[in-house]
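Read through the structure below, which is laid out as structure tokens, and then see the notes.
Predicted model only: the values in this text are computed from it and were never measured. Indexing begins at 1, ligand by ligand and atom by atom, following the structure's order. Numbers here are sequence positions counted from 1.
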Amino acid sequence: MTLIVVNRILPALLGGLFPNHCCLCQWRCPGAQPLCDGCRSELLANSVPCQRCALPLATSSSALCGACLQHPPDFDRVVAPWLYGEYLAYLLRCWKFEGEQRLTPLLAGLWRQQVPTPPEVDAIVPVPLHWLRQWRRGYNQAELLARALQQYWPGLVVDTGLLLRNRPTRAQSGMNALQRSRNLSEAFTARNRCANLRVAVVDDVLTTGATAGEVARTLKNAGASHVEIWCLARTPSPGD
Ligand SMILES: [Zn+2]
Ligand SMILES: [Zn+2]
């Protein structure tokens, strides 16, 4: 009961009284965004990422992680400015699974804070949800993020029609590489040719890179010359 009061009722009450309460600590914050300076300072920047897959590295002595050196992934690089720590994980869960679409400008702002000038691409493509999942959720969070980034940089072209998710895929956690590859095999279709296109695929988190790899393969098979992944956060490798 106490947890319900803390997690549900108190935020709802404070949300009514103070529209700009911090969505993490629930106290009022003065700015326009629902995140106080104290909680914002707890977010962990991905300051030494692998230049290919954005995996956080222990030192900057090597540009690439061991996995990318051995088996370069199908995407050309990942831009993931934050680490998937406890605070950001909570924000992303609320955003994805609890309908907190008001967090979109905050999350886009966090991306922009770390990436003041986005890399040049011809189109940004949100990772599509299967239609049934999107219908249940009511929105695709990757598309919300892509459109919020476009508001910062109106020159960005958001293309929501290029990529189709053919079937629902199961959550990847706990799967080994072979199971992940089977789970995602032919999960996406490129609906148009994208000859020589430089594409940025937008997603919320990069975990194993399996989804990003499958999307990149699909787009490159359709002719894309360069595929990079823009996401908010990167998880460390398992066990780190
Ligand atoms: Zn706070
Ligand atoms: Zn890497």
Side chain to side chain contact (heavy atoms under 4.5 Å, CB included) between Thr235 and Val205, worked out: CA-CA 8 Å; Thr235 60; Val205 183; 4.0 Å; yes
Pro118 side chain near Trp230 side chain, heavy-atom distance below 4.5 Å: yes
Cys23 near the Zn ion (ligand 1): N/O/S under 2.8 Å: no
The Zn ion (ligand 1): angle it makes with SG (Cys36) and SG (Cys39), nearest 10 degrees: 100°
Metal-centred angle, SG of Cys22 through the Zn ion (ligand 1) to SG of Cys25, rounded to 10 degrees: 110°
Stepwise side-chain hydrogen bond (donor to acceptor under 3.5 Å, both in side chains) check, Trp111 with Gln113: CA-CA 5 Å; Trp111 198 84; Gln113 177 186 330; over 6 Å; no
Donor + acceptor pair across side chains of Asn196, Ser225 (<3.5 Å): no
Vertex the Zn ion (ligand 2), rays to SG in Cys50 and SG in Cys65 - rounded to 10°: 120°
